[in-house]
Structure formats: C-alpha cells, structure tokens
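Here is the structure we will look at, set down as structure tokens.
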Amino acid sequence: MIDVQLIRAAPEVVERSQRLRGERVEAVAEAAAADAERREAIAEFERLRAEQNAFGKRVAAADKAEKPALLAEVKQLSERVKAASERSSAAEAQAEAALAAIPNVVLDDVPPGGEDDYVVLREVGRRPAFDFEPRDHLALGELLGAIDMARGAKVSGARFYYLRGIGARLELGLMQLGLNRALEAGFTPLITPTLVKPEIMQGTGFLGAHADEVYRLEADDLYLTGTSEVALAGYHADEILDVSTGPLRYAGWSTCYRREAGSHGKDTRGIIRVHQFDKLEMFSYIDPADAEAEHARLLALQEAMLTDLGLAYRVIDTAAGDLGTSAARKYDVEAWVPTQGAYRELTSTSNCTTFQARRLNIRYRAESGRTAPVATLNGTLATTRWIVALLETHQRADGSVAVPEVLRPYLGGLEVLEPAS
RNA sequence: GGAGACGUCGCAUAGUCCGGUCGAGUGCACCACCCUGCUAAGGUGGAGAGCCCUAUUAGGGCUCCGUGGGUUCAAAUCCCACCGUCUCCGCCA
C-alpha cells in the first residue's frame, strides 16, 4: 500500500512511477477521487454521530416523564447516523481498494521498461572453460546419484524431484553455509510457517497480478507460500517495532511452493524451475531512511556467497516493469550456467520501502514520537537452484565435481563429489 | 473430534449477572518534575492506537474492550457466528 499522502500532495510522482512500470496512470486520479469521497463521507458521518452521542447523554440524564419525547426525536437521528455510517464504510472500502490497486512507487533511478530492460551493474568472476564437453546439472546430478526427477514425477508429477545422497547433503550444506553467514551478519534464524492466512498473503503483495502463481488450500482458506518472505513480513504484522538501535534482521528458512503457471515448456529439464524448493531468505525491518543502505548490504552478502562458492555472476538492476508489486527496486544476482551459456537468477533482493509495512501495519516510533511504517527488505541467501550452477561450474571431465572450500566443512570435509558406481 | 473455561489500553487485572454516570478503575513497568547527601523509598503529573477537521507543533471530533454481524435511542456489558488461548477426554503420524 502506498502512502495516501503522496496521492494528495504529489500525484505526479505516483503517475510517473505508473508510467515507468507500464501500469494504468488513471489509477492515481481514481484513488485521489475515492479518497476525497471517503473523507467527505467520514466527515458527514462523524458530524451526525457527535450529535447522536450528545443526545444519548441527555436521554440518560432525563427523568422518566421526558424520556419518551426525547426517544422519539433521537430515533430518526439514529436512522440518519446508520445511513451515513454505511455510506462512509462503503467509501472507505472503495478508497482502500483504489489505493491497493497501485503498486509501490519505484525509486528515482530504477531503469524504465520491462523484463528485458534491466541494467547490468557488473559482471564478476571468471566463467569456467572446459576442455571437454560439459554435462548439464541434471546429467551430473544423475551421475552423482544426487537428483532423481523420474521418481519425483512418479510421486508428485512434473517439476517435482528427489534430492538424494550427496544431493540432499549439498542442499543442506548450502543452507547451513548461508545461515552461518547470516548469523555472523546479525540475522536471527527463523524457521517459518509455509501456510499462511489470506490477509498475510495479501499484505505482502503476492495476491496481486501473480495470484495464479500461488497454491491455495481451499478447504482451510490458507495459502502455501512461494517464499518465506511472506511469513517473515507477517511476523511483525500489527506491531510497533523499536528500530532506533538498528534494524531487525531475520534469516528465514523454508520450503517454497510455486505453481509455475504460465511457464509451461520453460526450463522443463532438471531443478531450475520446480514446484517445490528450499530457500534461505534474509529479511530486514528498518528505519525508512536507511533502507537503501540496507539494500546494498543484502546485495553484498549475496555476492559474497556467490564469489566464495566460485561462481561467475552478474548483478542486474531490474527494470520498473518487471518489479513485483511491493518492490521499489530490485537487484538480481545471476550465476553463469555453462551449458546454457547464460546467466540465471540465483538471488533477488528487493527494497519494499514502506509499502509492505503499511499494508501489514508494521510501524516504528519516529523521532517526532509519532508512529510511521518501517521499511522492509528481503533477499535470497541460498536456494535449491544454486546446485545447478555449483555442479556445472565445478565439474570435471570424469563427471566428478570439485567442492568449493567454503562448503567442505558442511559436507564432512569432502573435496570432490564422485559419480556413484 | 467431544466437553468446559477464558480473550479489556506494554504486562497483570477490575468492570460483563442488573446496557447510559465506562474509552474504561487499580497494580507493575514507563516518562517528566518534586523531595531525598549518594542506582532505594515517597510525592505530583503525564502517557494507547487509527482516522477526520481546523490549524501547525496546538485544539476539536469520530472510532477501537479478540474479529465480524445483530438487537437497541444507546453495547466492554445482551444475542449469533468465527478466530485464538488454556484444561479435560478421545484419536493419531
């Protein structure tokens, strides 16, 4: 939810953002009109209500003889209050809906355009060169006995898989590595619920344009989350936080579920795009003034992970049209995947400014003593997909895979993953 | 799954039977000041959230007693539904 003040005081800023995102510019004027209507209806209701309250006091104080006359008089007032109240709450709901239809206002220097209009900020690391024909991650995963797609499909259908043996250990090791780094950086680990209530899903902005990406459990009216960001953001919903001594930082681990609707035929091989995977996610609640600096910190933590795992990557600044509803800016770190000859997203970090917090009612006490919404940021620290880049990058001619040094402690000191016999 | 109890302003509680004098008392914690020869005790005062209006650091109004409905001129208080917590019983990975 954007700040309604912005609609009143500087609608042109919001309109610019809508234009950059390729969203409806008229939505701004509509929200402004709905807001004006809402305020008018509220004022009317409150005026009548005050009158009624004053009357109530007189009725209470009146003696038996004069009560009937007073009651007769106030009865019709009560009718008007009721009507005004209904008008006012309808206007309120409408204003809220109009405002909710507007995604977060993008930051000033976010690149304009759509999915392909990202700006590459930097490329880091050396892409691997092979003097043999490199195998793709699934071939390697099968050779190592690490990934079993066939049985995943048998049990659960397409885009499901088993991680087995060294594959399972690799995933857990990756998560452990990320978790330890998060701990060092002051994040509190959190294992989160993966089923959440509608209002939390709504509040984090995942039921907007991409609602069909989300699994829903009809019988229980719960949603399966596609990222622990949802539970991490919901964690402090309706709370007033003390961020005066620094941000609140959490590292959430969870299994993530995505329907992948509309991606039929894309990335059908292996574990690049699957319905279920694990993810370690960083999440910060912070004074809005410090949000951009925090965004840089999250990105730095992500880059350090990739670098230390020996992965070549690039950082892109996502264009406005490709931002999620809640994000004001988003950086993706994409690893080089040799057999695809392409960079593929391994991490994503978004600055949601106060957008999520306003919807979820998460506030802090500003210096003025008033409450104000905090800023929230999120960023990936490890996911199942990382295995793809790891296996492909560090493979050898015989199908074995070198283990990056930072990962070895989590695999019992193992230096090389050997093909299963 | 069954039965019962409960949900009040940071925490703990009063108020609910018998609707108006309750947006709400008390204790603790908190803030300011006073007192006190020292981080204690005591005294006085302040202090919730959201929204609207006038205004701009101040004032006025409205809403909020788990959530949502209903009854009523009027609901923390009566009725209904839902959610949550606790206790007991049953069942179970």
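The figures that follow rest on heavy atoms only: side chains count, while hydrogens, waters and symmetry mates do not. Letters A, B, ... mirror the listed sequences (proteins, then strands); counts begin at 1.
Distance noted for atom P between B/U63 and B/U21: 13 Å (whole Å). Straight-line distance between the P atoms of B/G48 and B/C9: roughly 14 Å, to the nearest whole Å. Rounded to whole Å, the C1' atom of B/C83 lies 10 Å from the corresponding atom of B/G68. The separation of B/G50 from B/U56, taken at their P atoms, amounts to 23 Å, rounded to a whole angstrom. When the P atom is compared between B/G46 and B/G27, the two are found 14 Å apart, to the nearest whole Å. Rounded to the nearest Å, the gap between the P atom of B/G69 and that of B/C17 is 23 Å. Annotation: B/C22 and B/G4 have their P atoms spaced 35 Å apart (nearest Å). Rounded to whole Å, the separation between the P atoms of B/G15 and B/G66 comes to 15 Å.
Using modelled atom types, one finds no donor on one side chain facing an acceptor on the other under 3.5 Å when comparing A/Ser228 with A/Glu281. Checking A/Lys279 against A/Thr227 by side-chain atom types alone, a donor-acceptor pair falls below 3.5 Å.
Pairing of B/C33, defined by two Watson-Crick or G-U wobble distances under 3.5 Å, is identified with B/G43. In this structure B/C17 sits in no base pair that meets the Watson-Crick or G-U test at under 3.5 Å. Base pairing of B/C62 is made with B/G50, judged by Watson-Crick or G-U wobble geometry with both donor-acceptor distances under 3.5 Å. Applying the Watson-Crick and G-U wobble criteria (two distances, each under 3.5 Å), B/U57 pairs with nothing in any strand. Base pairing of B/G27 is made with B/C11, judged by Watson-Crick or G-U wobble geometry with both donor-acceptor distances under 3.5 Å. Summarising the base pairing, B/C86 is matched to B/G4 through a Watson-Crick or G-U wobble pair whose two defining distances lie under 3.5 Å. The nucleotide B/U77 finds no pairing partner, because no Watson-Crick or G-U wobble arrangement with both distances shorter than 3.5 Å includes it.
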For this session: Just do the side-chain contact (heavy atoms from CB on, under 4.5 Å) check on A/Leu163 and A/Leu170 with the steps written out, would you?
Result: CA-CA 9 Å; A/Leu163 289 180; A/Leu170 202 51; over 6 Å; no

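For A/Tyr257, the side-chain contact (heavy atoms from CB on, under 4.5 Å) test picks out A/Thr194, A/Tyr215, A/Leu224, A/Thr255, A/Gln276, with sequence neighbours left out. Checked against side-chain contact (heavy atoms from CB on, under 4.5 Å), A/Glu86 has the following partners two or more places apart in sequence or in another chain: A/Lys82.
Between A/Asp242 atom CG and B/C30 atom P the separation is 15 Å, expressed in whole Å.
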For this session: Would you give a per-nucleotide map of nucleotides 78-85 of chain B, 5' to 3', where B means the base has a protein non-hydrogen atom under 4.0 Å away, S means only the sugar-phosphate does, and - means neither?
Result: --------

Exercise. For every nucleotide of nucleotides 47-68 of chain B, 5' to 3': is a protein heavy atom under 4.0 Å from its base (B), only from its sugar-phosphate (S), or from neither (-)?
Worked result: --SSBBS-------BBS-----

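Screening residues 92-115 of chain A for salt bridge (charged side-chain N to carboxylate O under 4.0 Å, His left out) gives A/Arg16-A/Asp108, A/Arg38-A/Glu92, A/Asp109-A/Arg329 as the qualifying pairs, with residues at least two apart or on separate chains. Judged as a ring pair (Phe, Tyr, Trp, His ring centres under 6.0 Å), the pairs with a partner in residues 136-161 of chain A (not counting sequence neighbours) are, in order, A/Phe160-A/His275.
Counted within 6.0 Å of CD on A/Gln340, heavy atoms from surrounding residues, nucleotides or ligands total more than 12; the atom is thus considered enclosed.
Taking both residues in full, the closest heavy atoms of A/Pro373 and A/Pro288 are given as O-CG, 3.5 Å, listed atom of the first, atom of the second, then distance.
Under the 6.0 Å cut-off for aromatic ring centres, A/His236 and A/Phe283 do not qualify, their centroids lying 6.0 Å or more apart.
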